[in-house]
Amino acid sequence: MSFSFALLNLQQRDAVQTIHGPVLILAGAGTGKTRVITMRIANMVDQGISPENIVSVTFTNKAASEMRERITEILGKEKAKKLTLGTFHAFCMRLLRQHAEALGYKNNFTIYSQGEQISLVKKILARLLVKEENYDPSMALSRISKAKNAGESLGDPMQTVDGALQQLYTDELRAMNAMDFDDLLLNGVKLLEDHPEVREAVQGKLRYVMVDEFQDTNTLQMRLLRALVPPPHNICVVGDDDQSIYGWRGADITNINEYESFFPDPKIIKLEENYRSTTPILHTANSLIRNNVGRRDKSLWSRNAGQDPVRLVVTEDEKEEAALIADEMTDAQTKGEKWDDMAVLFRTNEQSRVLEGEFRKRKIPYRIIGARSFFDRREVKDILAYLTVLANPDDDVSLQRILNTPTRGIGAATAELAREHSIKKRTSVFAALKDPEFLENISQRLQVVINGFVETMESFRGQAHQPLQPLQPLAEKFIAEIRYMEYLEKQAKTPEDFETWKNGVKMLMQSLTGYDERAKGEGLQGFLDETSLNDDREEKEDITKKTGVCLITLHASKGLEFPYVWLPGMEEGILPHKRSIDENRKDEERRLFYVGITRAMRKLTISHCRYRVKWGQKQTCMASSFLQELDRQYVEEFDHAAYMNEDLDKDDATDFMAAMRRQLMSEA
DNA sequence: GGGGTGTCGATTTTT
DNA sequence: TCGACACCCC
Ligand SMILES: Nc1ncnc2c1ncn2[C@@H]1O[C@H](COP(=O)(O)OP(=O)(O)OP(=O)(O)O)[C@@H](O)[C@H]1O
């Protein structure tokens, strides 16, 4: 046997040894659910099941690669490599890359993430009507997404804006051979539900299914599982209803209840011992989550009494809060703790700015997890748009982004002409650019420019499709060819701007190099898939690998653990967030807080400010209403602002005494 | 068509 | 405070 049951308690062992039939593991935070999945996979392989027949779905790609790492340690690389591990979206994406044609797409479809979705919606809205004020594109998008998930329509396209928008959005995506994140699931489901030959092939291969973080699955994902798993229902799901924090994205806790109706008579396993946190931390977490109505109570305990109470600190403002955290970290580090073992968890990405500033100032090494901000940088978006068009020339949105970047004289008017022509001819915009009938109607000068652009694109498209072509050198050559760096230099208002952009390009090149070295033979398409699905494997190679304290949102922290945790900004309006209060979703915010608390292993510090600068304006902050729900048995409260003031007074006093002394001395 | 300036408005969370 | 976008001049 390649692993030891000694690492598991009785209930965990039960779960690990029940290989056939449905299994439902419902258990609180830190009870070893993820460990059970990992060990269960190892045990199955030990029992002679081939790793190719096992699929395990995780919530993030990061969680997937961590799981693969752990399994590699137990089973070795050869076997671990053969497992199917990833998110629902990644799973569907791979399926669709093979079978998209069955659904009328081409296999080189583009995956649209939020930025591209929004720019498409904006464009449709602008064209569609109207400048209806307060028609928020991202709100519209989330309505579309909800409707898609529920399989509904937003109303008659002739009657409502939403209806028209949804139809145009859907049609245009399809015309561009593009799918958004919901389409990946939707089309994955279609493939399995409506195409028996595909379904049977997949079912024949993936005979054992496991799902982590089941409480955050949505309707489409549940449908996918039903289509994927035939009787005798070899499906094991694990989850914790108290940690469901993605309701805003369509996650549906009722999936837990419905599980039993789709996969009858499951073995139900409860885990109650928490191996992660000390009693003070766990007790505090329990006292909070009890306030959610309609929740099923569960017991959760730890045999680790711990050394430290949970601390609840109030500071004057967000700068003082950041300084306090930095102080405490430095202190702990001096006493021998590792930076890697410390983390700050916050509600909104924006909160990390103050912390970053403070850490930089004090030279505390830090890493920011999850933030996609790198891919939102203009220089990165530009180059990715180029690469995207090379992979899928039908992608009009990406094409529009690059058509005049760098400036080459193809302005908005020409782009609109091309678009109109493409509609008339029912082709893509790129095809329109090549059409002699289109070129006829524009100036000589423009014809030359457009021909040049098309030629460059097609030449590089050919090269990118050479088998085993390394991407980084090709991209480098391409950037030189279109004179992109020269363009950036010209655009930059200050030399620093240019430096920053140059650096962005360089980092993108590094991730291409990383991809080339991993040589998976999936070419340009593979690279783009990884970036749009937020697969951070390549990041691991350079950015994240650096050690340092961890800055991360509460949402992204799910499933992780740290010996030292700080939860700053616990104020009404931040957690619970204002929008959530308005939309009556405080319960989910409470769960978010619960997730945050239960990430801590040994030491937890919760803090809030009296004032906070927002949009350059000092604002009074109220402590989060959740704080009064925390049982104080193990909580130590501390008014840091008052302490600082005292300190000031003390300084004043010493100064005063010194002045007195000086005066007395000089008089004497 | 390109580039500069000024005003207004906005911040939740992510596959 | 910062970025998106509208508007204006070259
Ligand atoms: N039987 C056990 N004995 C000792 N330690 C364990 C045992 N089971 C799990 N652990 C440890 O407890 C910690 C939490 O485990 P794990 O991450 O699997 O929990 P989880 O239930 O997935 O948590 P969460 O739902 O909060 O993400 C890990 O550090 C793990 O190594």
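In the text below, chain A, chain B and the rest are named by the order of the sequence lines, each starting its count at 1.
C:dT1 atom P lies 17 Å from atom CZ of A:R612, rounded to whole Å. We find that CG of A:L96 is positioned 19 Å from P of B:dT15, with the value rounded to whole Å. Rounded to whole angstrom, the span from the CG atom of A:D136 across to the P atom of C:dC5 amounts to 12 Å. Spacing between atom NE2 of A:H89 and atom P of B:dT15 amounts to 9 Å, rounded to whole angstrom units. B:dG9 atom P lies 16 Å from atom CD of A:Q617, rounded to whole Å.
A salt bridge links A:K361 with A:E358: at least one charged nitrogen is closer than 4.0 Å to a carboxylate oxygen. Under a 4.0 Å N-O distance rule, the pair A:E499/A:K502 qualifies as a salt bridge.
Partners of A:E629 under the side-chain contact (heavy atoms from CB on, under 4.5 Å) rule, at least two apart in sequence or in another chain, are A:L288, A:N291, A:R590, A:F626.
Judged purely by atom type and a 3.5 angstrom limit, A:D317 has no side-chain atom pairing as donor or acceptor with the backbone of A:R612.
Taking a 6.0 Å sphere around CZ of A:R483, one finds it holds 12 or fewer heavy atoms contributed by other residues, nucleotides or ligands.
By the 30° and 60° cut-offs, the orientation of the rings of A:F59 relative to A:Y246 is tilted.
Taking side-chain N and O atoms only, A:K122 has a distance below 4.0 Å to OP1 or OP2 of C:dC5.
The cationic group of A:R408 does not satisfy the cation-pi geometry with A:F453, failing either the under 6.0 Å distance to the six-membered ring centre or the 45° limit from the ring axis. Judged by the 6.0 Å and 45° rule, A:R377 forms no cation-pi pair with A:W501.
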Polar atom pairs between nucleotides 12-14 of chain B and protein, under 3.5 Å, N or O only, would you list them?
{"unit_1": "B:dT12", "atom_1": "OP2", "unit_2": "A:R579", "atom_2": "NH1", "d": "3.0"}
{"unit_1": "B:dT12", "atom_1": "O4'", "unit_2": "A:H577", "atom_2": "NE2", "d": "3.3"}
{"unit_1": "B:dT12", "atom_1": "O2", "unit_2": "A:R347", "atom_2": "NH1", "d": "2.9"}
{"unit_1": "B:dT12", "atom_1": "O2", "unit_2": "A:R347", "atom_2": "NH2", "d": "2.0"}
{"unit_1": "B:dT13", "atom_1": "OP1", "unit_2": "A:N349", "atom_2": "N", "d": "2.7"}
{"unit_1": "B:dT13", "atom_1": "OP1", "unit_2": "A:N349", "atom_2": "ND2", "d": "3.1"}
{"unit_1": "B:dT13", "atom_1": "O4'", "unit_2": "A:R347", "atom_2": "NH2", "d": "3.3"}
{"unit_1": "B:dT13", "atom_1": "O2", "unit_2": "A:W248", "atom_2": "NE1", "d": "3.3"}
{"unit_1": "B:dT13", "atom_1": "O2", "unit_2": "A:R347", "atom_2": "NH2", "d": "2.6"}
{"unit_1": "B:dT13", "atom_1": "O2", "unit_2": "A:H555", "atom_2": "NE2", "d": "3.3"}
{"unit_1": "B:dT14", "atom_1": "OP1", "unit_2": "A:T553", "atom_2": "OG1", "d": "2.9"}
{"unit_1": "B:dT14", "atom_1": "OP2", "unit_2": "A:N349", "atom_2": "ND2", "d": "3.4"}
{"unit_1": "B:dT14", "atom_1": "O4", "unit_2": "A:Q114", "atom_2": "OE1", "d": "3.4"}
{"unit_1": "B:dT14", "atom_1": "O4", "unit_2": "A:Q114", "atom_2": "NE2", "d": "3.3"}

**Complete:** In B/S/- notation (B base, S sugar-phosphate only, - none; protein heavy atoms under 4.0 Å), nucleotides 1-6 of chain B written 5' to 3' is SSS---
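Atom C1' of B:dT12 sits at a distance of 24 Å from the matching atom of C:dC5, rounded to the whole Å.
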